[in-house]
Engineer: 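Once you've had a glance at the structure underneath, I'll fire off some questions.
What you are looking at is a predicted structure, and each value in this text was computed from that prediction instead of being measured. Note that ligands are numbered from 1 as they come in the structure, with each ligand's atoms numbered from 1 the same way.
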Amino acid sequence: MFQSFIAKLLPKFPESFVWKFSKKYIAGKTIESLLKKALEERKKGAYTTIDLLGEEIHNITEAYKFFHLYEELIPQLAENKLDVNVSIKPSMFGLKLDKQQCYEMYEKILEQVSTYPNGFVRIDMEDSSYTTLEIELYEHLLQKYPRHVGLVIQAYLYRSHKDVVELLEKYPEQSLNFRLCKGIYVEPAEIAYQKKQEVRDNYLRIMKSILKRGGFVGLATHDSWLIEETQKWIKENRISRYQYEFQVLCGVKENLKQAMIQKGEKERVYIPFGERWFEYSTRRLKENPRMVNDIIKSFFTS
Ligand SMILES: Cc1cc2nc3c(=O)[nH]c(=O)nc-3n(C[C@H](O)[C@H](O)[C@H](O)COP(=O)(O)OP(=O)(O)OC[C@H]3O[C@@H](n4cnc5c(N)ncnc54)[C@H](O)[C@@H]3O)c2cc1C
């Protein structure tokens, strides 16, 4: 209750204060700060995917600014021997404002990324008003760049299992690449599971369907129960280690991530950076008011 109250209040706090706790979860504002953070993760044995912050855009000119930043970033990832792996939110490229230009921006980024052997673009999944639009975008990009593009699936949506199975059956020749997460947006009971265990059960169901049909899955969760269940099933079913990896958000459950790496699991860290860090931080906080504990700690440690 107290935590939710603080989470709601935080957007009204000065940015310098919010930065105190956000810096754990975000690389910084610039490409330089991002490269530094990604290299640190690399040294710790993790793989990375990079997210440029900024969701709500108001016109297509703004979308092009973000597009050019991605264009600038990609060769620098390669020069620094980092993964050329980026996550992009379709709303940032104006999917609902101008579908054609959004498609063109993704295509141009994919053209650039696909010149690197492991170059990869992940289409981040947004709220449910985007689900169908994003699946269509994914199918479009899949035609030309099957090895370099992947989609996010949210386990809290009732429709997700059907969506995944339909895609896998429609493209049996390709090893489709999904990131599976619980889902971050607040969605109503008409379309989404509300109970924690229901979301977990659907997560496992979707994970099994992807792996049994030969797809690849990035298991994006910090939920220890879910991680153990996935590991158990993967082992029992002798799933190839090339078919999956684990994924975490930067700064979350650092010890768990390092322990997994020590055990030989592949871990990819999602690293956000950019000028729009303030909106990102306050959204994360609303999602998980328990982060308030970190803010309170920062009063005493700084
Ligand atoms: C790599 C990655 C990419 C993602 N991409 C998307 C996406 O494209 N679309 C989308 O809708 N969602 C995305 N998410 C978010 C996801 O949907 C969940 O909202 C989020 O991961 C929390 O769910 P959980 O499975 O970790 O389980 P939870 O039960 O929520 O978390 C388990 C434990 O992890 C810790 N924890 C989890 N999240 C945080 C946090 N933010 N800060 C501090 N501690 C935390 C807490 O200790 C918590 O008890 C992504 C998540 C990851 C890891």
Engineer: Heavy-atom distances under 4.0 Å decide this one: backbone, side chain, both or neither, for V248 against ligand 1?
Structural biologist: backbone

Engineer: Assess, by modelled atom type and distance only, whether the side chains of R179 and S87 contain a donor and an acceptor separated by less than 3.5 Å.
Structural biologist: yes

Engineer: Classify the contact between I184 and ligand 1 as side chain, backbone, both or neither, using a heavy-atom distance cut-off of under 4.0 Å.
Structural biologist: both

Engineer: Would Q154 and E187 count as having a side-chain donor-acceptor pair, cut-off 3.5 Å?
Structural biologist: no

Engineer: When you look for heavy atoms under 4.0 Å from ligand 1, do you find them on the side chain of Q154, its backbone, both, or neither?
Structural biologist: side chain

Engineer: Which of the numbered atoms in ligand 1 are under 4.0 angstrom from any heavy atom belonging to K196?
Structural biologist: 29 (O)

Engineer: Does CG belonging to N80 count more than 12 external heavy atoms closer than 6.0 Å?
Structural biologist: yes

Engineer: Hey, which atoms in ligand 1 end up nearer than 4.0 Å to a heavy atom of T221?
Structural biologist: 24 (P), 25 (O), 26 (O)

Engineer: Within the 3.5 Å criterion, strictly below it, is a donor on S160 or R205 matched to an acceptor on the partner's side chain?
Structural biologist: no

Engineer: I need the atoms of ligand 1 closer than 4.0 Å to a non-hydrogen atom of Y270, numbered in the order shown.
Structural biologist: 1 (C), 3 (C)

Engineer: What part of V152 sits under 4.0 Å from ligand 1 if we count only heavy atoms: the side chain, the backbone, both or neither?
Structural biologist: side chain

Engineer: Taking heavy atoms and a distance under 4.0 Å, where does K253 meet ligand 1: side chain, backbone, both or neither?
Structural biologist: side chain

Engineer: Hey, what do you get for CG (L176) to CD (E169), rounding to the nearest 0.5 Å?
Structural biologist: 11.0 Å

Engineer: Assigning hydrophobic clusters by single linkage (Ile, Leu, Val, Met, Phe, Trp, Tyr; side-chain heavy-atom cutoff under 4.5 Å), is V217 placed with W225?
Structural biologist: yes

Engineer: For ligand 1, which atoms, with element, lie under 4.0 Å from some heavy atom of D124?
Structural biologist: 8 (O)

Engineer: When hydrophobic residues are tied together by side-chain contacts of less than 4.5 Å, even through go-betweens, does F178 share a cluster with F120?
Structural biologist: no

Engineer: Does K257 make a cation-pi contact with F246 (under 6.0 Å, within 45 degrees of the axis)?
Structural biologist: no

Engineer: What are the atoms of ligand 1, with element, lying closer than 4.0 Å to any heavy atom of G183?
Structural biologist: 11 (O), 16 (C), 17 (O), 19 (O)

Engineer: Taking only heavy atoms of R179 into account, list the atoms of ligand 1 that are under 4.0 Å away from them.
Structural biologist: 3 (C), 4 (C), 5 (N), 8 (O)

Engineer: Centre of Y47's six-membered ring, under 6.0 Å away, within 45 degrees of the axis: is that where NZ or CZ of R42 sits?
Structural biologist: yes

Engineer: Counting heavy atoms only, which of R122, E267, M125 comes nearest to atom 8 (O) of ligand 1?
Structural biologist: M125

Engineer: Short list, please: which atoms of ligand 1 are under 4.0 Å from a heavy atom of Y185?
Structural biologist: 11 (O)

Engineer: Look at atom 27 (O) of ligand 1 and find which of Q247, H222, K182, K24 reaches it with the closest heavy atom.
Structural biologist: K182

